[in-house]
Q: 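Once you've had a glance at the structure underneath, I'll fire off some questions.
In what follows, chains are A, B, ... by sequence order, proteins preceding strands, each numbered from 1.
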2 protein chains.
Amino acid sequence: MVAARAGVSTATVSLVTSGKTAGRVSTDNIAKVEQAVSELGYVVDGLGSSLARGRSNIVILVAPDVSNPFFARVIDGVRSEIGAAFQLLLSVTEAGQMPTPAEVRTLLSLRPAGLLVDAPSAEFLAALPAAGPMVLLDTAGVESAAPSVNFDVAAGAVLLADHLAGLGHTTVAYLDSTTGTETFRVRREAFCRHARTLGMEVAAQAGTTIDVSAAAQAFAGAWPQWQRQGVTAVVCCTDTHAYGVLQEARVARLDVPGQLAVTGFDDLPYSETSSPGLTTVRLPAAELGRAAGRQLLRLLAGEELDGPGAAGRSLTLDSELVVRGSTASSAAPGP
Amino acid sequence: MVAARAGVSTATVSLVTSGKTAGRVSTDNIAKVEQAVSELGYVVDGLGSSLARGRSNIVILVAPDVSNPFFARVIDGVRSEIGAAFQLLLSVTEAGQMPTPAEVRTLLSLRPAGLLVDAPSAEFLAALPAAGPMVLLDTAGVESAAPSVNFDVAAGAVLLADHLAGLGHTTVAYLDSTTGTETFRVRREAFCRHARTLGMEVAAQAGTTIDVSAAAQAFAGAWPQWQRQGVTAVVCCTDTHAYGVLQEARVARLDVPGQLAVTGFDDLPYSETSSPGLTTVRLPAAELGRAAGRQLLRLLAGEELDGPGAAGRSLTLDSELVVRGSTASSAAPGP
DNA sequence: CTGAAAGCGCTTACAG
DNA sequence: CTGAAAGCGCTTACAG
């Protein structure tokens, strides 16, 4: 070990570089080591260090969809909490897929300090070996004993149904996602259940991937039928789907919200500036990331998550209805 | 080492798990080891293995903007080439930023088998310690001795200028990016130079981040002035910028392409289905990722990249002009 | 073909 | 306060 050439043992160097000098190293030696370290540009080797202490200082974030503006904000939230202490790395899988069991094993063999798992499927969790500290994000609808942070999407769906019913809509369509994530099932079921309670009919459902043009095409295909059924509002399971509907509505020269109201979930930045602005259920993405980061940090510090005074194993973040032009001034629809 | 309980030495087990049995292990022992491995669910520990061989089997992809549909396709390309042999991990930095020198050192201390660096700034490369195998992606305009794969964005810009001149445009505006990436400078300069050669005036330039609504606002602010100057086309440095312009043009009830032609760079999926479809310079993202992955694989195999028959250290992928409705039937603009 | 041994670069009890 | 030593889990010459 090069830095040992600064006149002390490797043990002392190790104590200094890992900051465990409290009452164990003389200030004299600390200074010597620090100088040698900076002279040699020495960096502690992550591999040796990790092997010796049993785990690395990386945190792996596993997610099905890395490139998605919504998820970008989640990542940013995570980074702002744990970035200083740990090296955050994203696992890369086939688009829209969770890692296979084999990939997970490879990941785990790097001995990450912790794991963050976004939007896991039930099968993924079942196949996941009980590894070290782990926090789940956005896992609505999936059972798990692991600590998790979620959005209250069901409450948002209820607010949305109230809003549409209040505007006089009686027949609506629901545009769902075809990715199997449970959160979409929860959104749909909560909305449909409450809508029926309010006397609204959810006339039809369709589903596409989370993609503007796929949603646009699906809407274009379904609209003639929906129109015949008297649909006056389309509730989309994500803002991205809603963008597709708005786009196609424009092509078809439909008046939004006069002839058709459109809503989404997420509140992506674009929803504020689209024309008309999109009424949507705001899901606080960055806060989700931050909360998950904090949970993991607590876990890593050995804190009990469910002890007295703790925030609890399972956190739920409030969602919120943001009303904009895509529903605001809806004309009262006919029967 | 647990698997040694299968009746052989750890050395033999290691030979089997790393697939180096050729003429060194009896088929009898291979079978025994394989059975023990599967019975015990043994996975080679990445840390110990990496430490012993001097490098890990992870490849780190460093990029300034992970969540961007264009980059998602690059990632997918990389994954398809190297995914089987290496664990691909994405470094996570503050949105739009390259990792700091300190972050890079931490990354490097994990001893990645190789590094892939997307859209690096000159400063980043200068600060990068000469590490192991590395391939640069999309590094147009930045000097470096490292192997790289690039788009021929300048050639695409020239095709675009030709196309607009052929349609009769004489005054155009350029909507640039404010992220400092060199590729944007190259796009702009190549376009402006050739446009002037063709007798077109590039009346005005503006810049925003790569964001639909930022671009929309910038266009809304600039349009009155541009209109006075006789601008009949807006050339955008990315499709995302162009979406903002299209959106705002719709709000302002501008006829595209009758009153205003709009173009982009990238050819994102949405450009095909937007209305009108977007004329754009197609940059083959997935192919960029694949080519970079292949280069890195060669480097890791110890191949010389510039030897005879090799593909060369520096690859350039052709860009291509895709003409769609946003320019197709432009009316001849007045003076 | 096989195993005992050294070593990868660190950290952490343990004596002093 | 400090250093010699053991050990983290593997791989790879090296003898046999």
Q: Are the side chain of Thr181(A) and the backbone N or O of Thr183(A) linked by a donor-acceptor pair below 3.5 Å?
A: no

Q: Does anything in residues 101-128 of chain B pair up under salt bridge (Lys or Arg N to Asp or Glu O under 4.0 Å), and if so which pairs, sequence neighbours excluded?
A: Asp45(A)-Arg111(B)

Q: Given dT11(C), dC10(D), dG3(C), which nucleotide is nearest the side-chain atoms of Val8(B)?
A: dG3(C)

Q: Looking at dG9(C), dG9(D), dC10(C), which one has an atom nearest to any side-chain atom of Arg111(B)?
A: dG9(C)

Q: Between dT2(C), dA4(C), dT12(C), which nucleotide has the shortest distance from any of its atoms to the side chain of Ala11(A)?
A: dT12(C)

Q: Listed by chain and number, what are the side chain to side chain donor-acceptor pair (under 3.5 Å) partners of Glu287(B), not counting sequence neighbours?
A: Arg290(B), Arg294(B)

Q: In dot-bracket form, 5' to 3', how is DNA chain C paired? Count Watson-Crick and G-U wobble pairs only if both distances fall under 3.5 Å, and write | where the partner sits on another strand.
A: |||.||||||||.|||

Q: Give me the residues of residues 48-56 of chain B where at least one heavy atom lies under 4.0 Å from an atom of DNA chain D, by number, or none.
A: Gly48(B), Ser49(B), Leu51(B), Ala52(B), Arg53(B)

Q: I want to verify a distance call: between dT11(C), dG9(C), dC10(D), whose nearest atom is closest to the Val44(B) side chain?
A: dC10(D)

Q: Counting just side-chain N and O atoms, does Ser26(A) come under 4.0 Å of either OP1 or OP2 of dT2(D)?
A: yes

Q: For dT2(D), does either OP1 or OP2 sit under 4.0 Å from a side-chain N or O belonging to Thr12(A)?
A: no

Q: If you check the Ser9(B) side chain, which of dG9(C), dT11(D), dG3(C) turns out closest?
A: dG3(C)

Q: Any sub-3.5 Å donor-acceptor pair from Ser109(A)'s side-chain atoms to Thr106(A)'s backbone N or O?
A: yes

Q: Testing Val142(B), Val135(B), Leu137(B) for side chain to side chain contact (heavy atoms under 4.5 Å, CB included) with Thr139(B), which one passes?
A: Val142(B)

Q: Using a 3.5 Å distance criterion without hydrogens, assess whether the side chain of Gln295(A) forms a donor-acceptor pair with backbone atoms of Arg313(A).
A: yes

Q: Find the distance Lys20(B):NZ to dT2(C):P and express it as a whole number of Å.
A: 17 Å

Q: Check whether any side-chain nitrogen or oxygen of Tyr42(A) sits under 4.0 Å from OP1 or OP2 of dC10(C), and answer yes or no.
A: yes

Q: Could you pick out which residue, Leu15(B) or Thr21(A), lies toward the 5' side of DNA chain D when each is mapped onto its nearest nucleotide?
A: Thr21(A)

Q: Whole angstrom is fine here: how far is it from CZ in Arg24(A) over to C1' in dT11(C)?
A: 11 Å

Q: Of all residues at least two apart in sequence or in a different chain, which pass the side chain to side chain contact (heavy atoms under 4.5 Å, CB included) check with Asp76(B)?
A: Ala95(A), Arg79(B)

Q: Output yes when a side-chain donor or acceptor of Asp138(B) lies under 3.5 Å from a complementary backbone atom of Ala119(B), and no otherwise.
A: no

Q: Would you mind telling me which of dC10(D), dT2(C), dA4(C) lies closest to the side-chain atoms of Asp45(B)?
A: dC10(D)

Q: Given atom CG of Leu47(A) and atom C1' of dT11(D), what is their separation to the nearest angstrom?
A: 13 Å

Q: Where the side chain of Asn29(B) is concerned, which of dT2(D), dA4(C), dT2(C) is the nearest nucleotide?
A: dT2(C)

Q: Please list, chain by chain and in numerical order, all residues satisfying side chain to side chain donor-acceptor pair (under 3.5 Å) with Glu39(A), sequence neighbours excluded.
A: Gln35(A)

